Every structure is written in C-alpha cells, then in structure tokens.
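Scroll down for the structure; my scribbles are underneath it.
Because only heavy atoms are used, hydrogens play no part in the values below, and waters and symmetry mates are left out as well, while side chains stay in. On a predicted model such as this, the values are computed, not experimentally measured, just so you know.
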Amino acid sequence: NSSGGMFLNLFGKEERRSSNKPPTASSSEIRLDDNQKKSSCDMEDAKKYTPFLFDFSYLHNPEEFEATLTNQDTTTTTDGGNNNAAEDMADLEREFAINHLPTIQEYYTLFTSIYNYQSELNRFSSDLTKGYFIQYTVESVLLDQEGRALLCEAAWLYGVILIVLERLLPGPIRERFIIAHFRLSN
C-alpha cells in the first residue's frame with residue numbers, strides 16, 4: 001500500500017541520517033544514542049532551541065506557552081543598552097524554522113505514514129471480521145498458508161516499525177517534532 005511504501009522510503013532516509021536529526025532537547029536534558037558522538041557545539045546548538053521545543057503539555061494551554069516566549073522581560077545589557085529577549089527568541093525560532101522545517105515536515109510525514117499503515121491494517125482486519133470480502137473470512141485466510149503468512153507479516157512489520165521508531169526517536173523527541181510541526185506549519 002502507499003503508506004507502507006512511504007514509510008519504507010522515509011525510514012531509509014532516517015537510517016541514513018539518524019545522526020543528523022535537528023536538535024530536540026528535553027527541557028531537563030539532551031537525550032542522545034550511546035553510539036552517537038556529538039561535539040559540545042552540537043550540544044549548545046540543541047540547548048539554545050529548548051525554550052520553544054515543547055512537548056504535548058503545550059496542547060493543554062498553548063496560549064500560556066506562547067506567552068512565555070513573547071512576554072519575556074526586557075533585559076539590560078552590561079553596557080547599559082536594552083536587549084529585548086522576546087525579539088531574540090523570535091529571531092532564534094525563525095532561524096530554527098528556516099534551518100529545520102523541511103526535516104520536521106519529513107518526520108511528520110513519517111509519523112503520518114505509520115499511523116496510516118496501522119489504520120489500514122486495522123480496517124482490513126475489521127472488514128475481514130465483518131465479512132466485507134465475499135470470498136474470504138478470517139478463518140479462510142488463516143487456513144490458507146500464504147494468507148496466514150501475510151497477516152502475520154503485516155502485524156510483525158508494524159511491530160518492527162514501532163520498535164525501530166522508539167529506538168531512533170524516543171517518545172519525548174517525537175512529541176517535540178509533532179508540536180514543532182504544529183507550531184511552525186500553522
């Protein structure tokens with residue numbers, strides 16, 4: 001099906017560039033795979049974006065999170081000049097969007113493809129159970145060696161997708177990708 005093919009295409013891209021993910025730091029720490037070597041420059045780059053990379057708690061009250069970004073106090077620099085922290089944050093967020101929006105959109109497409117695969121697999125299973133296919137029932141498919149193998153492989157593939165996704169992009173990082181896509185695409 002089309003979403004499975006799209007997943008495999010994007011999954012291949014993810015494997016090739018798993019070390020080139022945009023910075024998606026959690027608020028308390030940066031989570032990296034043990035086998036990835038990151039320079040201190042990359043860590044600083046990731047940390048500077050943390051103020052606007054929100055997790056799913058953003059969805060409960062987005063106005064509050066946006067207000068924290070736009071209503072930051074004006075600070076005074078050491079030379080007596082004013083430095084508006086809100087403007088700096090907006091500039092930093094624009095820089096992040098320019099540099100990382102295409103990648104964030106690709107990851108969002110990956111997540112959507114995985115969801116579509118799961119939805120199509122569930123719909124097929126439900127349709128098969130309800131008898132929508134005149135020639136096939138769950139029993140007849142399971143009695144056929146190839147049908148049984150295909151059902152098992154479809155479920156197995158979905159499990160592998162989820163395991164690999166969790167290994168490469170742990171839950172908190174996926175949350176930040178989704179919220180970043182939501183905020184930057186709207």
Side-chain angles (χ1 to χ4, degrees), residues 2-3 5-78 81-119 161-162 164-186:
S2 62
S3 65
M6 183 180 290
F7 166 76
L8 293 174
N9 182 29
L10 287 170
F11 178 73
K13 287 181 182 179
E14 167 57 23
E15 273 295 310
R16 287 189 299 274
R17 69 165 186 221
S18 63
S19 64
N20 294 329
K21 292 183 280 226
T24 53
S26 70
S27 57
S28 60
E29 68 179 58
I30 306 291
R31 181 174 175 150
L32 299 172
D33 290 344
D34 293 334
N35 62 352
Q36 293 178 341
K37 301 292 184 202
K38 295 288 184 178
S39 67
S40 61
C41 180
D42 290 341
M43 294 293 284
E44 290 173 17
D45 190 42
K47 286 180 182 180
K48 75 179 180 180
Y49 295 130
T50 57
F52 53 83
L53 291 175
F54 305 121
D55 58 12
F56 282 162
S57 60
Y58 173 87
L59 297 174
H60 294 293
N61 194 358
E63 295 83 18
E64 180 181 319
F65 284 91
E66 296 295 336
T68 61
L69 294 176
T70 58
N71 295 335
Q72 295 198 10
D73 296 329
T74 301
T75 58
T76 304
T77 59
T78 56
N82 286 334
N83 181 13
N84 190 339
E87 287 179 17
D88 291 345
M89 188 61 61
D91 290 342
L92 188 62
E93 190 168 14
R94 273 190 292 279
E95 171 191 320
F96 178 80
I98 290 168
N99 293 334
H100 300 291
L101 185 60
T103 303
I104 290 171
Q105 289 172 335
E106 283 189 4
Y107 279 106
Y108 188 79
T109 302
L110 171 70
F111 302 152
T112 304
S113 297
I114 293 169
Y115 173 76
N116 289 341
Y117 180 83
Q118 179 264 338
S119 296
I161 289 169
L162 294 178
V164 170
L165 185 66
E166 181 62 29
R167 183 178 73 74
L168 295 175
L169 294 170
I173 293 175
R174 289 192 309 268
E175 288 182 18
R176 284 168 174 76
F177 270 121
I178 291 169
I179 298 300
H181 178 268
F182 174 76
R183 289 184 66 238
L184 297 175
S185 295
N186 291 338

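Two residues are said to be in side-chain contact when any heavy atoms from C-beta on lie closer than 4.5 Å; Tyr58 and Arg176 fail this criterion. Side-chain contact between Phe54 and Pro62: absent, with no pair of heavy atoms (C-beta onward) separated by less than 4.5 Å. Within the 4.5 Å cutoff, the side chain of Glu106 has no heavy atoms near those of the Thr109 side chain. Between Leu92 and Asp88 there is no side-chain heavy-atom pair separated by less than 4.5 Å.
Between atom CE of residue Met89 and atom CG of residue Asp91 there is a gap of 10.5 Å, rounded to the nearest 0.5 Å. Between the CD1 atom in Ile178 and the CD1 atom in Ile173 there is a gap of 12.5 Å [rounded to 0.5 Å]. For the atom pair CG of Leu53 and CZ of Phe96, the computed distance is 4.5 Å after rounding to the nearest 0.5 Å. To the nearest 0.5 Å, atoms OH (Tyr115) and OG1 (Thr112) are separated by 10.0 Å. Note that CZ of Arg94 is 14.5 Å distant from CG of Leu101, once rounded to the nearest 0.5 Å. In this structure, CD1 in Ile104 is found 5.5 Å from CG in Leu184, a value given to the nearest 0.5 Å.
The main-chain N or O of Phe111 is never found under 3.5 Å from a side-chain atom of Arg174 such that the two would form a donor-acceptor pair.
When all heavy atoms are compared, the tightest approach of Gln105 to Ser185 is NE2-OG, 3.9 Å. For the pair Glu93 and Phe52, the tightest heavy-atom approach, listed with the atom from each and the gap, is CA-CZ, 3.7 Å. Shortest non-hydrogen contact noted between Pro102 and Ala97 is CD-O, 4.4 Å.
The aromatic rings of His181 and Tyr108 lie parallel to each other, with less than 30° between the two planes, well short of the 60° mark.
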